[in-house]
Amino acid sequence: MSYITATTLEDALTALAAGPASVIAGGTDWFPAQGDRHFDGTLVDISRLADLRGVTKTDRGWRIGAATTWTDIINADLPPAFDGLKLAAREVGSTQIQNTGTIAGNLCNASPAADGVPPLLTLDASVQLTSGQGTREIALCDFLQGVRKTDRAADEILTAIHIPDLPDGSKGCFVKLGARKYLVISICMVAVVVRVNDGAVADIRVAIGAASPVAQRLTTLETALRGLPAKGLTHAITDDLVHGLTPISDVRATADYRQAAATQVIRRAITLALEGDP
Ligand SMILES: Cc1cc2nc3c(=O)[nH]c(=O)nc-3n(C[C@H](O)[C@H](O)[C@H](O)COP(=O)(O)OP(=O)(O)OC[C@H]3O[C@@H](n4cnc5c(N)ncnc54)[C@H](O)[C@@H]3O)c2cc1C
């Protein structure tokens, strides 16, 4: 195995295209997944590429560089719609993992339990992919295709995440259900972005992770809740509106538990997001 610390994106793309090679950012998913297996290729470390790091305002919304760490996101000055993403960042592993692990690593690893995915789905995020052939942008919901499966080609690097502007008054929240409070992989997690106008729900977006191979938006529930009074909204969240989940049984929880817990976690996340909105 050889290891390259890329100093330009072009160098990283060239090394990747030459293959066999693998991109690495924080390495917090890559190394545990590799285990004792031998890797006979080039590890292309993109964590030092300054252009890939940081959160910036653009003319159409926000750009989060691929190599932005969870700690960078926690510390970024962002509007309340991003509160769910910030709360998720605080729940990724430990402080050490948050200091090293990156947002794009979380997406490209494509775990059903990736905490970054539900909040980004509620923010209508898209991902920017770059190769020697050029750059393309694709909605996050289309990028993620299954367990450990994405639309990324072998010679592409995820370079940025783009999030369109949201109307003023949008507020985000994130609730993670785990077997303990700290340093835990999600049993399920829910992200919400809600906006209230004159006491009624003007817009609401709800996404759930670890309850299907890929985290998903709950569009039936969203449609049912839009326009309802914000006060007492959780009473309108019924099990029959939370459909389309295909939870599995694993060491963390049974499928039945996940299904039953989902409605409760959704209610909790929406209640917290609405706090302050009478
Ligand atoms: C102890 C521990 C606790 C953890 N807890 C959590 C948790 O609570 N929640 C959670 O969601 N995750 C958790 N994780 C997983 C991991 O920390 C996160 O998913 C993190 O965001 C991964 O980022 P990374 O930069 O370390 O990814 P890496 O390990 O560097 O890469 C992950 C994968 O993505 C690819 N990749 C990385 N960046 C790019 C890019 N820009 N373009 C193309 N491909 C890329 C790599 O080739 C690799 O396949 C935990 C991990 C550990 C070790």
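Heavy-atom basis, side chains included; hydrogens, waters and symmetry copies ignored. Counting starts at 1 for both ligands and their atoms, in listed order. All residue numbers in this chain count up from 1 along the given sequence. Just so we're clear, the structure is a prediction, and the values are computed from it rather than from any experiment.
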Contacting atoms of ligand 1, where contact means under 4.0 angstrom from a heavy atom of [X]:
X: I24; value: 30 (O)
X: A104; value: 41 (N)
X: K176; value: 7 (C), 8 (O)
X: I46; value: 40 (C), 41 (N)
X: A114; value: 11 (O)
X: A66; value: 41 (N)
X: S22; value: 47 (O)
X: E91; value: 8 (O)

Contact with ligand 1 for [X], non-hydrogen, under 4.0 angstrom:
X: F31; answer: no
X: V184; answer: yes
X: A113; answer: yes

One thing to verify: whether [Y] and [X] come together as a salt bridge, which I'm taking to mean a side-chain N less than 4.0 angstrom from a carboxylate O.
X: D203; Y: R226; answer: yes
X: D124; Y: R217; answer: yes
X: E156; Y: R136; answer: yes
X: R258; Y: D256; answer: no
X: E137; Y: R63; answer: no

(message) Using the rule side-chain contact (heavy atoms from CB on, under 4.5 Å), only one of T238, L245, D240 pairs with V242; which is it?
(response) L245
Mind checking whether [X] and [Y] have side chains closer than 4.5 Å, heavy atoms only?
X: N75; Y: W70; value: no
X: M1; Y: L43; value: yes
X: H162; Y: W62; value: no

Counting non-hydrogen protein atoms only, what is the nearest one to [atom]? Give residue, atom name and distance.
atom: atom 28 (P) of ligand 1; value: G27 N, 3.5 Å
atom: atom 46 (C) of ligand 1; value: V23 O, 3.1 Å
atom: atom 2 (C) of ligand 1; value: I97 CD1, 3.7 Å
atom: atom 53 (C) of ligand 1; value: T28 O, 3.4 Å
atom: atom 49 (O) of ligand 1; value: W30 CD1, 4.1 Å
atom: atom 15 (C) of ligand 1; value: D29 OD1, 3.2 Å
atom: atom 41 (N) of ligand 1; value: L158 O, 2.9 Å
atom: atom 35 (C) of ligand 1; value: C108 CB, 3.7 Å

(request) Among residues two or more places apart or on two chains, list those pairs meeting ring pair (Phe, Tyr, Trp, His ring centres under 6.0 Å) that have a residue in residues 220-265. (result) none
(request) Output the distance between atom CD1 (I270) and atom CD (E275), rounded to the nearest 0.5 Å. (result) 13.0 Å
(message) With rounding to the nearest 0.5 angstrom, report the OG to CD distance, S186 to E91.
(response) 7.5 Å
(request) Return yes or no for this condition: an N or O of L183 is under 3.5 Å from an N or O of ligand 1. (result) no
(message) Taking distance alone, with N or O pairs closer than 3.5 Å, would you say I103 contacts ligand 1?
(response) no
(request) Return the option from N106, T159, D115, T150 holding the heavy atom at the smallest distance from atom 12 (N) of ligand 1. (result) N106
(message) With clusters defined by side-chain heavy atoms of hydrophobic residues (ILVMFWY) lying less than 4.5 Å apart, directly or transitively, does V192 cluster with L225?
(response) yes
